[in-house]
Amino acid sequence: MTTYSKTSIAESYINTSPFYGLQLKKLAMYSTVTLFACIILIGFLTPFAYAIVTASKDEPQVKRGVVLPYTQDTYTYEGKELPLYEVPLADGTTRTLAGLSLKRGATAQNEFIDPQTNEIVIWEGNYRELKELETLEIHLWENITSVWENKQVNFPIMLRNTFAIAILGVIGTLLSCISVAYAFARFPIPRKRALFLILVSTIILPSQVTLVPTFGFFAAIGWTGTWLPLIVPHFFANAYNVFLLRQYFLTLPKELDEAAMIDGAGPFRILVSVIIPQSLPVIMAVTIFHLVFAWNDYFNPLIYLLGKTELQPIAVGIQRFNYVYDVKPHLIQSSMLIGLVFPVFLFLVAQRFFMRGVVVTGVEK
Amino acid sequence: MDITKSSSSSQVKVKEKTFSLYRRQQLWGWVFLSPWIIGLFAFTIMPMLASLVFSFMDFKLTEPDAIKFNDFANYKKLLVDPLLGPALSSTLKFALIALPLSIIVPIGLAALLNSKYLIGRPIFRTLFYMPYIVPVVSSAYIWGGVLNTDTGWLNRILFDLGLGKPNWLFDINLIYPALNIIGIWGVGNAMLIMLASMQGVPTELYEAARVDGANGLTIFRRITFPMISPVVFYNLIISVIGIFRYFEVPYILKEGTGDPNNATLFYNIHLYKNAFAQQDMGYGSTLAWLMFVIALAITLFLFATARYWVYYGSGEQA
């Protein structure tokens with residue numbers, strides 16, 4: 001009896017249940033997979049970190065060549081800014097001293113000033129044994145404002161241009177794509193399937209084959225150097241968004257249309273008061289897609305607004321900024337942050353609509 | 001008699017009414033469809049035909065009086081254009097790395113995100129997707145910094161590991177890997193599509209395979225891949241077209257020079273330089289049509305291979 005109860009106590013401490021091993025294995029799987037994903041994620045996020053860290057430096061920090069925005073501490077002595085070091089002494093202790101004359105390279109006698117007493121200290125040793133005293137100083141906001149206010153490339157105007165082009169394009173995209181998707185989803189058009197196939201296949205048409213004459217056409221009617229080539233084509237529907245909207249419209253019950261029709265509503269009325277109110281999530285997705293597209297579009301503004309700097313959007317502007325400030329990586333990276341903050345923010349806020357839209361256009365085709 | 005007559009006449013009326021209603025609906029259909037029909041003609045069909053016509057012409061925007069047919073001179077120029085060879089070969093070299101990566105990387109990431117052992121899946125999904133949303137100009141310059149030979153973070157790590165400081169953007173052997181690293185950063189969209197498609201695979205299939213004792217790799221080869229193959233196929237086609245369109249990143253990083261040694265003179269950059277920098281619309285159109293024919297041939301070839309590896313379970317969806 002006693003023996004039996006002893007083992008049972010011992011057993012209660014060591015979990016010998018057959019599921020225990022399985023749980024351990026599961027735990028190992030969870031940690032391995034999650035750790036692996038974390039490592040890849042660090043790779044994906046490093047460029048963001050690089051941009052933010054670089055944009056946080058000031059010019060001396062960039063010149064120092066340090067990874068993080070650390071500034072060398074200094075001590076002002078007789079009007080001169082002397083670098084501060086932690087100097088290792090013979091007795092194993094260290095002392096904070098300002099370098100007065102340092103011989104780089106070889107082991108030699110170096111002169112230091114003690115910041116507390118202003119007395120000169122002679123230290124013999126190698127320059128490399130010295131540890132620079134430094135402080136983290138972040139200049140992010142100051143860099144971003146100096147980019148924003150710089151004289152060569154007018155960021156406020158470019159931001160205004162970008163929003164104007166994007167919003168006018170959104171209006172065109174919504175009007176045309178909703179209309180076309182409604183036609184495909186609800187009306188008995190002859191050869192509708194074939195027409196829809198043509199629509200979808202324009203997605204894989206390489207755009208260059210239409211580019212040159214389109215450009216020639218816009219040049220001939222005097223639209224190059226204006227926003228019109230960046231806006232007007234969006235009033236004629238695009239395949240991605242029509243596809244997305246049509247898939248959504250097909251899921252809406254037809255009974256509501258029919259009820260409205262019996263009440264005497266015409267097709268236009270049905271679209272406005274029955275279909276659109278039910279489709280706000282997908283309309284939201286199309287809006288975000290177009291905003292992001294217009295914000296990020298580089299090629300079209302490049303060719304149509306060549307030389308018209310006062311009309312260019314931000315994507316072309318930050319490239320121009322880069323030409324001007326070629327040797328100032330902290331300002332370049334600040335301008336990149338200005339360029340990406342809006343689309344990334346929009347994505348993070350509205351990612352539910354966004355991802356749903358991507359999935360529908362990507363998977364269902 | 002009376003009753004029959006009246007009922008038959010009302011039937012005719014109903015028929016006429018439904019017929020005219022049908023016609024009216026059809027008409028409305030065309031009205032709502034018209035933006036796309038007009039756009040299709042104005043911005044796709046007409047320009048395509050126009051560029052075909054231009055390709056047989058001397059056509060410079062700077063010399064509007066000298067526009068004339070030129071007896072295949074543009075096509076003859078293709079044969080002697082000293083930069084066409086480099087443009088085709090750099091595009092091909094880039095494609096040889098980029099195409100496999102454009103399939104493998106998103107599938108791999110999607111499989112990782114689809115793993116039930118991954119904690120915090122939505123957060124990983126969002127963060128892996130995020131670089132795709134970064135404007136291509138920003139992405140090019142940020143990577144230009146990360147890959148900088150002396151101050152870039154990648155080389156700082158490599159240098160600390162004793163691997164030296166490779167000249168990512170200036171070495172003819174490293175430029176394609178470097179551009180592909182930048183490309184992988186924007187893999188989020190393809191990854192999300194693959195992930196959604198993987199999540200659509202019925203779980204019964206996996207359960208049945210487990211019961212039959214299949215291991216992870218077999219399950220992937222025999223179930224997951226065939227089930228997502230239509231999406232893989234779609235991505236492959238989009239990637240092929242994307243490679244012919246490849247322009248922004250090399251154009252921005254190399255300022256359109258094609259350095260080093262024409263390695264970044266991709267086909268589209270060559271086309272841009274002819275059509276826009278030199279304003280030669282005629283030869284530009286010829287290059288565009290050559291590209292269209294090559295891309296079409298590859299697409300048709302891929303469609304021909306599709307029946308061997310793309311699985312359409314319950315019939316094709318338009």
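Letters A, B, ... are given to chains in the order of the sequence lines, protein chains preceding strands, and every chain is numbered from 1. These values consider heavy atoms only, across backbone and side chains, with no hydrogens, waters or symmetry-generated copies. Only a predicted model underlies this, so the values are computations on that prediction, with no experimental measurement involved.
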Between B/N155 and B/T149 (side chain of the first, backbone of the second, donor and acceptor by atom type, cut-off under 3.5 Å), is there such a pair?
yes

Once you round to the nearest 0.5 Å, how far does CZ of A/F321 lie from CE of A/M336?
8.0 Å

Decide if atom [atom1] of [X] counts as having more than 12 heavy atoms of other residues, nucleotides or ligands within a radius under 6.0 Å.
X      : atom1 : result
A/Y325 : OH    : yes
A/R64  : CZ    : yes
B/I123 : CD1   : no
B/M227 : CE    : yes
B/K165 : NZ    : yes
B/Y132 : OH    : no

Can you tell which part of [X] gets under 4.5 Å to a heavy atom of chain A, answering side chain, backbone, both or neither?
X      : answer
B/L27  : neither
B/S115 : side chain
B/I119 : both
B/W143 : side chain
B/A275 : side chain
B/R121 : neither
B/M291 : side chain
B/F276 : side chain
B/V53  : neither
B/L287 : neither
B/S34  : neither
B/F59  : neither

Under 4.5 Å, counting heavy-atom pairs only, tell me which of [options] racks up the most with chain B.
options                      : result
A/P47, A/A51, A/A237, A/A183 : A/P47
A/Q351, A/K26, A/M355        : A/M355
A/S335, A/P206, A/P267       : A/P267

Mind checking whether A/F293 and A/F289 have ring centres under 6.0 Å apart?
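No: the rings miss the under 6.0 Å criterion.
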
Kindly state whether the ring of B/W36 and the ring of A/F196 have centres lying under 6.0 angstrom apart.
no

To check you understand the geometry: which heavy-atom pair defines the closest contact between [X] and [Y], and what is its length?
X      : Y      : result
B/P135 : A/G339 : CG-O, 3.3 Å
A/F243 : A/V360 : CE2-O, 3.7 Å
B/F54  : B/S285 : CB-OG, 3.3 Å
A/V147 : A/L331 : CG2-O, 3.6 Å
A/L250 : A/R186 : CA-NH1, 4.4 Å
A/G307 : A/Q312 : N-NE2, 4.0 Å

Contacting region of [X] [heavy-atom separation from chain B under 4.5 Å]:
X      : value
A/L302 : side chain
A/V344 : both
A/C38  : both
A/F268 : both
A/I204 : both
A/Q319 : both
A/F215 : side chain
A/A220 : neither
A/V341 : neither
A/P343 : both
A/F218 : side chain
A/K192 : neither
A/T54  : neither
A/L348 : side chain

Distance alone, cut at 3.5 Å: any donor-acceptor contact between the side chains of B/Q278 and B/Y283?
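Absent: no donor and acceptor within the cut-off.
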
Once side chain to side chain contact (heavy atoms under 4.5 Å, CB included) is applied, do any residues pair with B/R156, and if so which ones, sequence neighbours excluded?
A/V67, B/T151, B/W153

Identify, with sequence neighbours excluded, every residue that meets side chain to side chain contact (heavy atoms under 4.5 Å, CB included) alongside B/A111.
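For B/A111 the side chain to side chain contact (heavy atoms under 4.5 Å, CB included) partners, ignoring immediate neighbours, are B/M198.
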
Under a 4.5 Å cutoff for heavy-atom pairs, which residue among [options] has the most contacts with chain A?
options                        : answer
B/G188, B/G145, B/A196, B/S197 : B/G145
B/G39, B/G29, B/A288           : B/G29
B/L192, B/I193, B/I133         : B/I133
B/I252, B/I38, B/L127, B/V136  : B/I252

I'd like to check B/P131 versus A/F44 (side-chain heavy atoms, cut-off strictly below 4.5 Å). Are they in contact?
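B/P131 reaches A/F44 side chain to side chain.
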
Going by residue number, which parts of residues 30-37 of chain A are within reach of chain B, meaning a heavy-atom gap below 4.5 Å?
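Those residues of residues 30-37 of chain A which have a heavy atom under 4.5 Å from chain B are A/Y30, A/V33, A/T34, A/F36, A/A37.
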
Side chains of residues 237-249 of chain B: which donor-acceptor partners sit under 3.5 Å, not counting sequence neighbours?
unit_1, atom_1, unit_2, atom_2, d
B/S239, OG, B/S102, OG, 3.1
B/S239, OG, B/N235, O, 2.7
B/R245, NE, A/S207, OG, 3.4
B/R245, NH2, A/L205, O, 3.1

